[in-house]
Amino acid sequence: MSTRIAFLKGHGTENDFVIVPDPENALDLSPAAVAALCDRRAGIGGDGVLHVVRSAAHPEAREMAAEAEWFMDYRNGDGSVAEMCGNGVRVFARYLQHAGHVAEGDLTIATRAGVRTVHLAKDGDVTVGMGAARLPEGEVTVTVGERSWPARNVNMGNPHAVAFVADLAHAGDLYTAPPVSPAAAYPDGVNVEFVVDRGPRHVAMRVHERGSGETRSCGTGACAVAVAAARRDGTDPAATGTPATYTVDLPGGRLVITERPDGEIEMTGPAVIVAEGEIDADWLARAVG
């Protein structure tokens, strides 16, 4: 390992990431190393790490290399592996543009949830084809303190429990994961969204992301919220034959989510690179212990 490791810092609606370019997959980013990088006081700070690897160089992505040159090896802030991160895909695409690997227009990115299509617009927004949601059957309940709510189980390549509440403050501090039952519905943990209405097809949300705590934004969570809202409101595109578009306000900004009659979901929002520099490999080795 060299004594310096290149990194960048970026965010999508203030869901922030440490970006580590590693085209040939030469770095050993252990869970402890990822957690150290994401530490907001002793490290760089972030909700997660975007490990940028060529698909052909990563064992989990080689089968997707013919469709997508680049693989988003995403890790949560605690070092755990995640299937997908919607805001992360937008920031990942922005990095590829920043580094000169891609230009404005369309591209594809491999993720653990499959290949995602991305459009880099001239106005700076990034649109990601998020695939279709799955809606596992069975009742789910979310609890905070003395309050409990029924929740919609939505899978966007990663699991979500969406609860509609009267006040976002009812979500509590979200430092720890809100209890969700039955636990068997989410054997690998779950992202929990709390949602209030702001107007017609306009909602606001807070989220506890598994492995990261409350984050300023969650792209897959915003998609799950839009899907759940469409079912609640009777605007399921598969039933109406008309696309459903919801504006979703998050603590860190605004995303626009459109679900088409064929089930495909598109997410549009900003993505920003804010800094770049070098990680001291000796510091990282000491931090990992």
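Fair warning: this is a prediction, and the values are worked out from it, not measured in the lab.
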Intermediate values then yes/no, side-chain contact (heavy atoms from CB on, under 4.5 Å), V89 and M130 = CA-CA 10 Å; V89 173; M130 298 291 287; 5.7 Å; no
query: Would R210 and E83 count as a salt bridge (charged side-chain N to carboxylate O under 4.0 Å, His left out) if you check the C-alpha gap in whole Å, the side-chain angles of each, and the deciding distance to 0.1 Å?
result: CA-CA 12 Å; R210 57 177 180 166; E83 304 92 339; 2.4 Å; yes
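- V162 and M156 fall within a single hydrophobic cluster, where Ile, Leu, Val, Met, Phe, Trp and Tyr side chains are chained together by heavy-atom contacts under 4.5 Å.
- You'll find the side chain of T141 stays beyond 4.5 Å of the side chain of P150, heavy atoms only.
- The shortest non-hydrogen separation linking G269 to L255 is CA-CD2, 3.8 Å.
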- Query: Hey, mind stepping through H119 and D106 against side-chain contact (heavy atoms from CB on, under 4.5 Å) and telling me if it holds?
  - Reply: CA-CA 4 Å; H119 180 77; D106 298 326; 2.7 Å; yes
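- Across all non-hydrogen atoms, the minimal contact from S217 to T13 is OG-OG1, 2.6 Å.
- Looking only at side-chain heavy atoms (C-beta outward), F17 and C38 stay at 4.5 Å or farther from each other.
- Between M72 and R112, the shortest heavy-atom contact is O-NH1, 4.4 Å.
- Hydrophobic clustering, with ILVMFWY side chains joined whenever heavy atoms are under 4.5 angstrom apart, groups L107 together with V91.
- In the hydrophobic clustering of ILVMFWY residues, with side-chain heavy atoms under 4.5 Å counting as a link, W283 and F7 come out together.
- Side-chain polar atoms of Y74 and N158 form no donor-acceptor pair below 3.5 angstrom.
- R286 has no carboxylate O lying under 4.0 Å from a charged side-chain N of D280, or vice versa, which leaves the two without a salt bridge.
- Contact of the Y186 side chain with the V192 side chain is not registered, since no non-hydrogen atoms from C-beta on lie closer than 4.5 Å.
- Side chains of R75 and V81 form a contact here, defined as non-hydrogen atoms less than 4.5 Å apart.
- Remark: D167 does not engage R147 in a salt bridge, criterion side-chain N to carboxylate O under 4.0 Å.
- At a threshold of 4.5 Å between non-hydrogen side-chain atoms, the residues T258 and P237 do not count as touching.
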- Task: Kindly determine whether T215 and D47 satisfy side chain to side chain donor-acceptor pair (under 3.5 Å), including the steps that lead there.
- Result: CA-CA 7 Å; T215 60; D47 293 323; 5.0 Å; no
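- Between D39 and R41 there is no salt bridge, since no side-chain nitrogen of the basic residue lies less than 4.0 Å from a carboxylate oxygen of the acidic one.
- Within the 4.5 Å cutoff, the side chain of P59 has heavy atoms near those of the N25 side chain.
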K9 vs I19, side-chain contact (heavy atoms from CB on, under 4.5 Å): CA-CA, chis, key distance, verdict
CA-CA 6 Å; K9 183 71 183 289; I19 305 161; over 6 Å; no
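- Nearest approach of V18 to L37, heavy atoms of both residues: CG2-O, 4.0 Å.
- H51 and L27 get closest at one heavy-atom pair: CE1-O, 4.4 Å.
- In the hydrophobic cluster analysis, where Ile, Leu, Val, Met, Phe, Trp and Tyr join through side-chain heavy atoms closer than 4.5 angstrom, I109 is grouped together with V52.
- Around CD of E139, the count of heavy atoms belonging to other residues, nucleotides or ligands within 6.0 Å does not exceed 12.
- Residues L29 and Y95 do not share a hydrophobic cluster, clusters being chains of Ile/Leu/Val/Met/Phe/Trp/Tyr side chains in contact below 4.5 Å.
- Pairing each heavy atom of G86 with each of T220, the nearest pair is N-CG2, 3.6 Å.
- In this structure, the side chains of E193 and V248 stay at 4.5 Å or more apart for every pair of heavy atoms.
- Atom-to-atom distance recorded for D78:CG and E209:CD is 11.0 Å, nearest 0.5 angstrom.
- In this structure a side-chain-to-backbone donor-acceptor pair under 3.5 Å is missing from D197 to G199.
- Using a 4.5 Å heavy-atom threshold, the side chains of R254 and H202 count as touching.
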>> Could you go through F92 and T111, starting from their C-alpha distance and side-chain angles, then the distance that decides it, and tell me whether this counts as side-chain contact (heavy atoms from CB on, under 4.5 Å)?
In response: CA-CA 11 Å; F92 191 97; T111 76; over 6 Å; no
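- Judged purely by distance below 3.5 Å, without hydrogens or angles, the side chains of N87 and H11 never pair a donor atom with an acceptor atom.
- With 3.5 Å as the limit, one finds a donor-acceptor pair spanning the side chains of E276 and H98.
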